[in-house]
Each structure stands twice: as C-alpha cells, then as structure tokens.
Participant: 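Input: one structure, supplied below.
For this chain, numbers begin at 1 and follow the sequence in order. Everything numeric in this text was worked out from a predicted model, so none of it was measured.
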Amino acid sequence: MIGFILVSFGTVNTAVGQSKKLLFPEAPGIVSFTYRNLFAKDVPSTLDMIKGNGITDIEFSNLFGQKPEDLKRMLDERGLKCSSYGVNWETITTKTNEVAQTAKVLGAKFIRIANIPHAKGSFTLDNAKNAVSEFNRVGKILADNYELTFIYHNHGFEFEPYEDKTLYDYIVNNTNPKYVSFELDILWAFFPGQDPAKLLETYPSRYVALHLKDLKRGVAGNNSGGTDQNNDVVLGTGQINIPAVIKAARKAGVKHYYIEDESSASVEQVPQSIKYLNTLKK
C-alpha cells in the first residue's frame with residue numbers, strides 16, 4: 001500500500017509539473033453564438049455537447065426561447081455556468097433593470113454588448129461620445145444596484161483613427177473603470193489592423209474577458225466590422241499570434257477566455273481549438 005501511494009504521489013507531481021509548463025492547460029469557455037443553430041433546435045443536447053468537450057463556462061448571447069429559470073436549471077444539472085450575458089444596445093439602454101434581473105437569475109456576473117449605433121462604414125467621434133455616456137450611465141446602474149459588471153466587446157469598426165490613436169482608445173480612456181470593463185475580441189481587433197496583445201498590454205486593468213478566434217490566412221482586413229463567418233478557423237491555423245495574445249492576457253489578469261467560432265464547421269473546429277490551446281507552452 002505504501003509503495004502504491006508513493007507511485008501515485010509521483011504521478012500526481014509529474015502531472016502538476018507538466019501543467020505548470022503549459023500556457024493554457026484548462027478548458028476555455030464558449031460563446032453560445034458558436035452553436036446558435038444547435039441551440040435553436042435543442043438546448044439540452046447542445047449543453048450536453050458543450051460539457052462533453054470539457055467546457056463549463058458559457059457566455060450566452062441568446063436565451064433560445066427558454067425562461068432564465070429553466071436555462072439556469074439545465075446548466076446546474078450539468079455542472080455548467082453562465083458567467084456572461086450578452087444583449088444588444090437597445091435592450092441594455094432601455095431595459096437595463098430587466099436585463100440585470102435576467103442576468104442575476106442566470107448567475108452571470110457580466111453584461112456584455114457588442115455594438116454601438118452608427119452609420120454603416122462611418123463610425124464617428126460623436127458615436128464614440130454617445131457610447132461613452134451610455135456605457136458610464138448603464139454601467140453605474142448595473143454596478144451600484146446589481147453588483148454586475150458592464151463589458152463592451154469590440155467589433156472592428158471602433159478603430160477609426162482619432163488624433164494620434166483611435167476612437168476605440170477614446171472609448172477606453174473616457175469610460176469610468178469603476179463601471180465599464182471590456183471584452184477583447186481578438187479577431188475584431190486584428191481585422192482592422194490592431195495587435196490584440198498590444199491592446200492587452202496597453203490597457204491591462206480594463207479587460208476581464210476575451211473572445212478567442214482566428215482569422216483564415218489570406219483574408220485582408222478593414223474597419224468594416226464584417227467578414228464571412230467561415231473565415232473563422234481553428235485556433236493556431238490562422239493569422240493571429242495566439243500564444244502572444246494568451247501571454248499578454250495572463251499578464252493582464254484576464255480570467256475568462258471564450259471560444260467564439262462563427263463558422264459552419266464549429267462543431268468540428270472547437271475541439272481542435274481546445275486541443276491546440278492545451279498544447280501551448282509557456
């Protein structure tokens with residue numbers, strides 16, 4: 001018995017030692033939009049698939065026809081959690097309290113939006129100023145009344161030049177850190193020509209979450225905020241330096257890493273992306 005214990009202890013120590021050498025040994029989270037078509041057909045079986053991939057952390061962008069209480073029950077039954085709840089601009093700005101109440105039922109601690117009203121192809125300083133005002137207002141309500149954190153998810157169009165930086169920089173620098181945090185979508189930073197790792201280094205205290213995705217090789221970017229969804233490829237096979245991003249995010253203290261694969265091949269690609277993440281070395 002003693003010999004068995006010693007061997008087991010050595011095995012555990014070896015596993016721990018190997019884990020310490022890995023950059024991303026854990027399971028990432030997932031964005032519900034990744035499996036939007038499956039969720040629309042069958043929520044329970046989609047949750048089962050997510051659990052089967054070793055994922056427990058989910059950011060929901062849609063309730064898929066479920067009552068918040070029922071969705072929370074299904075999550076609890078499977079040992080899953082909803083850490084972030086995404087809604088659109090109109091909903092968060094006009095139904096702030098209702099959104100907060102839904103998030104509390106789901107168990108989420110973040111409320112996320114991913115768009116700012118603007119004319120297509122023309123994001124202006126006035127648009128950015130409006131966003132700053134509304135983000136600060138809504139963020140204060142969520143924080144003070146519900147202990148929830150408002151987060152903004154970039155979508156590419158925000159990186160219009162402004163002075164010696166961008167309008168995205170303007171938004172980050174003019175929102176109140178007490179009430180507004182950010183979720184960095186690394187594809188929608190890279191696509192308009194930004195370095196997602198550098199953004200994490202520039203604003204380390206502002207980011208609480210990442211959307212992990214990769215852009216197909218050969219695809220040229222721009223500030224439109226749009227590209228074919230099938231340009232989302234398996235992490236590590238595209239144009240983005242994923243290890244550099246993860247290292248910068250670790251240093252910045254980011255805790256939530258959600259895979260978002262918008263492609264029609266997401267069911268096949270997500271397990272490959274997880275495998276890739278789990279092989280990265282420090």
Side-chain angles (χ1 to χ4, degrees), residues 31 33 59-62 84-100 102-103 108-196 198-200 202-211 213 221-227 252 254 256 258 260:
V31 183
F33 192 75
E59 180 179 62
F60 278 94
S61 307
N62 193 314
S84 180
Y85 176 46
V87 296
N88 60 29
W89 171 280
E90 182 180 2
T91 302
I92 192 59
T93 56
T94 64
K95 300 178 181 178
T96 310
N97 293 300
E98 182 180 322
V99 170
T102 297
K109 58 182 179 179
F110 304 127
I111 301 292
R112 181 262 290 160
I113 72 166
N115 193 32
I116 298 168
H118 66 284
K120 187 175 182 180
S122 178
F123 187 70
T124 68
L125 178 59
D126 283 342
N127 297 144
K129 287 181 176 180
N130 184 42
V132 167
S133 176
E134 285 298 276
F135 289 0
N136 284 333
R137 180 183 69 82
V138 169
K140 188 177 190 306
I141 293 171
L142 294 176
D144 291 351
N145 297 348
Y146 298 97
E147 297 183 329
L148 294 169
T149 299
F150 174 87
I151 56 176
Y152 179 67
H153 164 293
N154 59 289
H155 218 285
F157 58 81
E158 312 91 340
F159 293 97
E160 290 292 334
Y162 174 67
E163 295 184 345
D164 60 339
K165 295 183 179 180
T166 70
L167 288 176
Y168 181 79
D169 292 296
Y170 177 88
I171 292 170
V172 176
N173 288 320
N174 287 278
T175 45
N176 188 336
K178 184 177 179 181
Y179 300 126
V180 180
S181 294
F182 292 83
E183 176 177 74
L184 182 64
D185 186 302
I186 67 175
L187 185 150
W188 291 121
F190 181 86
F191 194 75
Q194 304 298 309
D195 180 347
K198 186 175 180 180
L199 285 169
L200 286 158
T202 303
Y203 304 112
S205 64
R206 301 303 300 275
Y207 293 107
V208 298
L210 258 64
H211 271 196
K213 55 212 299 189
N222 53 55
N223 284 13
S224 67
T227 189
V254 174
H256 294 268
Y258 306 107
E260 183 180 43

Participant: Distance-only, no hydrogens or angles: does the N174 side chain make a donor-acceptor pair with backbone N or O of Y170 under 3.5 Å?
Facilitator: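 Yes; judged by distance alone, with no hydrogens or angles, the pair exists.
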Participant: Starting at CG of L184, measure out to CG of L200 and round the result to the nearest 0.5 Å.
Facilitator: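 Spacing of CG (L184) from CG (L200) equals 5.0 Å.
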Participant: Examine distances only and state if a side-chain atom of N222 and a backbone atom of F191 form a donor-acceptor pair shorter than 3.5 Å.
Facilitator: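 Side chain of N222 to backbone of F191, a donor-acceptor pair under 3.5 Å: no, none is there.
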Participant: Between F157 and F123 (judged by ring centroids, cut-off 6.0 Å), do the two rings come close enough to count as a pair?
Facilitator: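 Centroid distance F157-F123: below 6.0 Å, so yes.
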Participant: Do R206 and P177 come within less than 4.5 Å of each other through their side chains, counting heavy atoms only?
Facilitator: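 Contact flag for R206/P177 side chains = yes.
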Participant: Counting distance only, does the side-chain N/O of T166 pair as donor-acceptor with the main-chain N or O of Y162 below 3.5 Å?
Facilitator: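 A pair under 3.5 Å: no.
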Participant: Any donor-acceptor pair under 3.5 Å linking the side chain of T102 with the backbone of E98?
Facilitator: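 It does hold such a pair.
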Participant: Return the CG to CZ distance between N223 and F159, rounded to the nearest 0.5 Å.
Facilitator: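 Reported value, rounded in 0.5 Å steps: 8.5 Å.
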Participant: Could you verify whether a donor N or O on one side chain and an acceptor N or O on the other, from E158 and Y152, lie under 3.5 Å apart?
Facilitator: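 Distance-only check passes for E158 and Y152.
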Participant: Would you mind reporting whether V172 and T202 have side-chain heavy atoms less than 4.5 Å apart?
Facilitator: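 The answer is no, as the side chains (C-beta and beyond) never meet within the 4.5 Å cut-off.
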Participant: Can the ring centres of Y203 and F182 be said to be less than 6.0 Å apart?
Facilitator: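 No - the distance between ring centres of Y203 and F182 does not fall below the 6.0 Å cut-off.
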Participant: Atom OG1 in T175, atom CG in N173: separation rounded to 0.5 Å?
Facilitator: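 Nearest 0.5 Å value for the OG1-CG distance: 7.5 Å.
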Participant: Please give me the minimum heavy-atom distance between N127 and S122, naming the atom from each residue.
Facilitator: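 Shortest heavy-atom separation between N127 and S122 comes out as OD1-O, 3.5 Å.
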Participant: Could you walk me through whether T96 and R137 pass the side-chain hydrogen bond (donor to acceptor under 3.5 Å, both in side chains) test, one step at a time?
Facilitator: CA-CA 10 Å; T96 310; R137 180 183 69 82; 4.7 Å; no
Participant: Evaluate side-chain hydrogen bond (donor to acceptor under 3.5 Å, both in side chains) for N130 paired with S133, printing each intermediate quantity in order.
Facilitator: CA-CA 5 Å; N130 184 42; S133 176; 5.6 Å; no
Participant: Can I113 and F135 be said to form a side chain to side chain contact (heavy atoms under 4.5 Å, CB included), step by step?
Facilitator: CA-CA 10 Å; I113 72 166; F135 289 0; 3.6 Å; yes
Participant: When you measure from the side chain of D185 to the backbone of H155, do you find a donor-acceptor pair of N or O atoms at a distance under 3.5 Å?
Facilitator: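 Checking the backbone N and O of H155 against the side chain of D185, no donor-acceptor pair under 3.5 Å is found.
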Participant: Please give me the minimum heavy-atom distance between A128 and L167, naming the atom from each residue.
Facilitator: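 Closest heavy-atom pair between A128 and L167: CB-CD2, 4.3 Å.
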Participant: So, do N88 and N115 sit near enough that their side-chain heavy atoms are less than 4.5 Å apart?
Facilitator: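 No - every pair of side-chain heavy atoms lies 4.5 Å or more apart.
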Participant: Without swapping roles, check the side chain of T91 against the backbone of V87 for a donor-acceptor pair under 3.5 Å.
Facilitator: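 No, T91 side chain to V87 backbone: no donor-acceptor pair under 3.5 Å.
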Participant: Is the backbone of N176 close enough, under 3.5 Å, to the side chain of N136 for a donor and an acceptor to pair up by distance?
Facilitator: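 Yes, the answer is positive, given that a donor and an acceptor are paired below the 3.5 Å cut-off.
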Participant: With a 4.5 Å cut-off on side-chain heavy atoms, are R112 and F150 touching?
Facilitator: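 Side chain of F150 against side chain of R112, heavy atoms only: no contact under 4.5 Å found.
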Participant: Once rounded to the nearest 0.5 Å, what's the spacing between atom CD of Q194 and atom CD1 of I186?
Facilitator: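 Answer rounded to 0.5 Å: 14.0 Å.
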Participant: Looking only at heavy atoms, what is the nearest atom pair of P192 and A189, with distance?
Facilitator: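 Smallest heavy-atom distance, with atoms named: CD-O, 3.1 Å.
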Participant: Under 4.5 Å between any side-chain heavy atoms of I171 and V180, yes or no?
Facilitator: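 Of all side-chain heavy-atom pairs linking V180 with I171, none is under 4.5 Å.
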Participant: Work out which heavy atom in T149 is nearest to a heavy atom in S181; give both atom names and the distance.
Facilitator: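 Taking T149 first and S181 second, the nearest heavy atoms are CG2-OG, 3.7 Å.
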Participant: Mind running side chain to side chain contact (heavy atoms under 4.5 Å, CB included) on F190 and D195 for me, showing each step along the way?
Facilitator: CA-CA 6 Å; F190 181 86; D195 180 347; over 6 Å; no
Participant: Can you name the closest pair of heavy atoms from I116 and W89 and give their distance?
Facilitator: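 Shortest heavy-atom contact: CA-CE3, 4.1 Å.
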Participant: So do the side chains of L199 and Y168 get within less than 4.5 Å of each other, counting heavy atoms only?
Facilitator: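 Side-chain contact under 4.5 Å: yes.
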Participant: Which distance, rounded to the nearest 0.5 Å, do you find between the NE2 of H153 and the OG of S84?
Facilitator: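 Those atoms lie 10.0 Å apart.
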Participant: Do Y207 and I151 touch side chain to side chain, with heavy atoms closer than 4.5 Å?
Facilitator: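 Result no, sub-4.5 Å side-chain heavy-atom pair not found.
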Participant: Is the centre of the H256 ring less than 6.0 Å from the centre of the F110 ring?
Facilitator: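 Centroid separation for H256 and F110: below 6.0 Å.
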Participant: Any chance you could measure L187, atom CG, to T227, atom OG1, to the nearest 0.5 Å?
Facilitator: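 Taking CG in L187 and OG1 in T227, the distance rounds to 7.5 Å.
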Participant: Just wondering, do H211 and V31 contact through their side chains at under 4.5 Å, heavy atoms?
Facilitator: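 They are in side-chain contact.
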